[in-house]
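Computed from heavy atoms alone, side chains included, the values below leave out hydrogens, waters and symmetry copies.
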Amino acid sequence: MAAGGSATAGGPTTSARPDHAALEVRDLRVRYRSIDDHGPDVLAVDGIDLTMDRGEVLSLVGESGSGKSATLLALAGLLPANASVSGSVRLQGHDILALPERARARVRGRGIGMVFQDPGGSLTPVLTVGSLIDEVLLVHRGLQGAAARAETEALLARCGVGDPARRAQAYPHQLSGGLRQRVAIAAALAAGPEVILADEPTTALDATVQAQVLDLLVGLVADEGVALVLVTHDLAVAAAVADRIAVMYAGRIAEERPAGELMERPGHPYTVALRAAALPFRPRDRDGEGIQERLPELRGRMAAAGGTGCSFAPRCPLATDHCRLVAPPLEPFEGGLVACWRAGELAEWPGVESPEVEPEVPLAAIEPQAVGWPGQGA
Ligand SMILES: Nc1ncnc2c1ncn2[C@@H]1O[C@H](COP(=O)(O)OP(=O)(O)OP(=O)(O)O)[C@@H](O)[C@H]1O
Ligand code: SF4
Ligand SMILES: [Mg+2]
């Protein structure tokens with residue numbers, strides 16, 4: 001979170017500080033072809049732009065199917081074979097989508113670390129966790145033998161794995177979920193990336209471990225100076241740990257603003273609805289009671305991406321005929337960007353009063369409650 005963190009001695013090499021952003025994404029589009037070739041294609045990501053600096057946490061929030069994972073998989077080069085991607089992704093000064101395949105894989109492997117929701121799935125089951133990290137160090141940093149193992153143990157220790165020499169000899173299935181996620185983070189850090197992409201990294205963990213793993217990720221951002229893109233369904237977590245929040249809806253960014261400002265005075269009706277669902281904040285229970293893992297469903301279905309007009313119009317109480325015909329562009333709004341023709345009017349709209357929020361409450365939880373626009377029938 002602290003801007004402009006610095007590399008830790010003995011830690012991953014984030015050596016020179018080039019003057020380009022850690023990550024610059026322009027007009028990213030991801031299209032999934034129907035697997036059996038009969039159904040329609042899905043435009044999962046419909047032209048998004050993102051800029052990340054080192055030492056910064058950006059949280060991507062949005063309901064299921066809004067394109068968060070497709071965005072991260074496209075950046076990491078992990079889309080399945082039925083997906084196609086376009087746009088530009090600048091990493092370490094290169095437009096990686098324009099590079100030949102081998103060069104693209106090399107720049108990505110070194111520049112991006114990926115952390116998934118299920119660490120079990122991302123750790124090779126037949127390798128000890130030490131061998132797995134040794135291999136990343138060999139491929140991306142040329143370290144071998146004792147030097148690699150010493151660095152592996154240092155990375156494990158940095159990620160809060162106690163007794164790293166012993167744990168390095170364990171297989172993933174011998175570790176708890178929280179430890180596996182710490183190992184996955186150490187592996188993501190091993191190449192010395194500028195950017196870590198984390199897709200719901202704590203959803204599968206219990207509340208106490210969730211908080212510890214989030215603390216670890218945010219600490220790495222400050223200490224190693226990496227940029228973190230954190231996908232979470234928990235708007236309260238996003239508000240507590242992110243510098244900026246980008247709210248995704250139907251493959252596009254509906255609103256992207258500094259976290260505190262977005263929570264205090266949302267500029268997009270969808271953000272208002274999410275925030276109404278997320279409040280009130282309260283500190284997490286140690287035993288996890290009352291923790292809500294996913295954003296609650298809002299009434300109505302999310303429109304498919306790529307249609308005419310504003311994709312939120314079918315669910316928006318402020319929609320006009322103009323909204324239904326012409327999609328609003330992302331435009332500057334109070335320190336960030338909002339895609340809504342009526343963004344400036346939200347503060348005056350009855351029922352969109354600013355509730356009390358406590359963004360400084362660490363790792364707050366969401367109180368489950370019915371979601372809907374004030375005044376709307378069930
Ligand atoms: N392999 C695939 N083939 C076809 N369509 C897919 C595939 N993966 C995802 N999709 C579709 O792409 C859209 C975006 O999916 P994505 O997984 O990015 O959503 P998400 O925001 O990550 O949702 P969640 O919060 O549930 O993880 C959805 O309509 C989804 O059904
Ligand atoms: S552009 Fe119109 S329909 Fe879309 S969110 Fe804004 S007010 Fe609602
Ligand atoms: Mg997802």
Side-chain angles (χ1 to χ4, degrees), residues 1 5-8 10-15 17-18 21-25 50 52-60 68-69 71-79 89-92 94 96 104-124 127 129-143 148 151-152 154-161 172 179-202 213-232 241-242:
M1 263 214 312
S6 58
T8 308
T13 52
T14 46
S15 48
R17 297 236 157 251
L23 180 70
E24 260 181 26
V25 178
L50 294 172
M52 293 291 301
D53 286 322
R54 292 163 196 80
E56 194 183 24
V57 183
L58 170 75
S59 189
L60 277 186
K68 306 178 298 296
S69 294
T71 300
L72 262 54
L73 292 173
L75 299 179
L78 296 172
L79 285 167
V89 177
R90 290 196 79 79
L91 181 71
Q92 300 183 335
H94 303 279
I96 53 174
R104 187 189 314 166
R106 195 174 57 242
V107 174
R108 259 194 186 123
R110 169 118 203 181
I112 291 181
M114 181 93 193
V115 181
F116 296 91
Q117 176 178 331
D118 172 18
S122 61
L123 300 175
T124 315
L127 288 182
V129 299
S131 312
L132 189 134
I133 300 174
D134 289 350
E135 205 164 299
V136 180
L137 292 169
L138 173 65
V139 172
H140 293 291
R141 290 169 57 192
L143 293 178
E151 179 65 1
T152 290
L155 280 161
L156 289 171
R158 173 70 192 89
C159 292
V161 177
L179 270 178
R180 280 205 298 269
Q181 197 57 295
R182 288 178 186 278
V183 169
I185 293 168
L189 211 57
E194 292 186 29
V195 181
I196 292 183
L197 306 175
D199 194 351
E200 301 196 48
T202 61
V213 170
L214 279 170
D215 281 349
L216 167 63
L217 281 168
V218 172
L220 292 174
V221 171
D223 297 344
E224 318 290 347
V226 294
L228 172 66
V229 183
L230 175 74
V231 166
T232 172
V241 306

- [ ] Verify side-chain contact (heavy atoms from CB on, under 4.5 Å) between T71 and V25, making sure each step is shown before the conclusion.
- [x] CA-CA 10 Å; T71 300; V25 178; over 6 Å; no

Task: Heavy-atom pair with the smallest gap, counting every atom of A190 and I133 - done: CB-CG2, 4.0 Å

Task: Identified side-chain contact (heavy atoms from CB on, under 4.5 Å) counterpart of P201 within the set I185, L217, I196, T232 - done: L217

Task: Side-chain donor/acceptor of R90 to backbone N/O of E24, under 3.5 Å - done: no

Open item on the list: Just so I know, are the side chains of M114 and D199 near enough to count as touching, which here means a heavy-atom distance under 4.5 Å?
Closed with: yes

TODO: Could you tell me whether R141 and E151 make a salt bridge, using a distance below 4.0 angstrom between a side-chain N and a carboxylate O?
DONE: yes

Open item on the list: What's the separation between atom CD1 in I96 and atom CZ in R106, rounded to the nearest 0.5 Å?
Closed with: 12.5 Å

Task: Reported CG-to-OG1 distance for the pair L132 and T152, which is rounded to 0.5 angstrom - done: 9.0 Å

Task: Separation between CD of E56 and CG of L23, rounded to the nearest 0.5 Å - done: 10.5 Å

Open item on the list: I need the minimum non-hydrogen distance between A191 and G109, along with the two atoms involved.
Closed with: CB-O, 3.5 Å

Open item on the list: Just so I know, are the side chains of V195 and V226 near enough to count as touching, which here means a heavy-atom distance under 4.5 Å?
Closed with: no

Open item on the list: Please determine whether side-chain contact (heavy atoms from CB on, under 4.5 Å) holds for the pair L197 and V115, giving the CA-CA distance in whole Å, both sets of side-chain angles, and the decisive distance to 0.1 Å.
Closed with: CA-CA 6 Å; L197 306 175; V115 181; over 6 Å; no

TODO: Please report the C-alpha distance between S59 and V231 in whole Å, then the side-chain angles of each, then the deciding distance to 0.1 Å, and finally whether the side-chain contact (heavy atoms from CB on, under 4.5 Å) criterion is met.
DONE: CA-CA 6 Å; S59 189; V231 166; over 6 Å; no

Task: Pairwise side-chain contact, L230 with V241, heavy-atom cut-off 4.5 Å (strictly under) - done: yes

- [ ] Could you tell me the separation between the CG atom of L220 and the CG atom of D215, rounded to the nearest 0.5 Å?
- [x] 11.0 Å

Task: P172 versus T124, closest heavy-atom pair with distance - done: CG-O, 3.6 Å

- [ ] May I ask you to say whether R54 pairs ionically with E224, meaning some side-chain N is under 4.0 Å from a carboxylate O?
- [x] no

- [ ] Decide yes or no for F116 and L123: does some side-chain heavy atom of the first lie under 4.5 Å from some side-chain heavy atom of the second?
- [x] no

TODO: Heavy atoms only: give me the nearest R108-L91 pair and the separation to one decimal.
DONE: CA-CD2, 4.1 Å

Open item on the list: Could you report the tightest heavy-atom contact between G55 and V221, atom names first, then the distance?
Closed with: C-CG1, 3.4 Å

Open item on the list: Ignoring hydrogens, what is the shortest heavy-atom contact between G111 and P193? Give both atom names and the distance.
Closed with: O-CB, 3.4 Å

- [ ] Find the distance between CG (L179) and CG (L156) and round it off to the nearest 0.5 Å.
- [x] 9.5 Å

Task: Separation of L60 CG from E200 CD (nearest 0.5 Å) - done: 11.0 Å

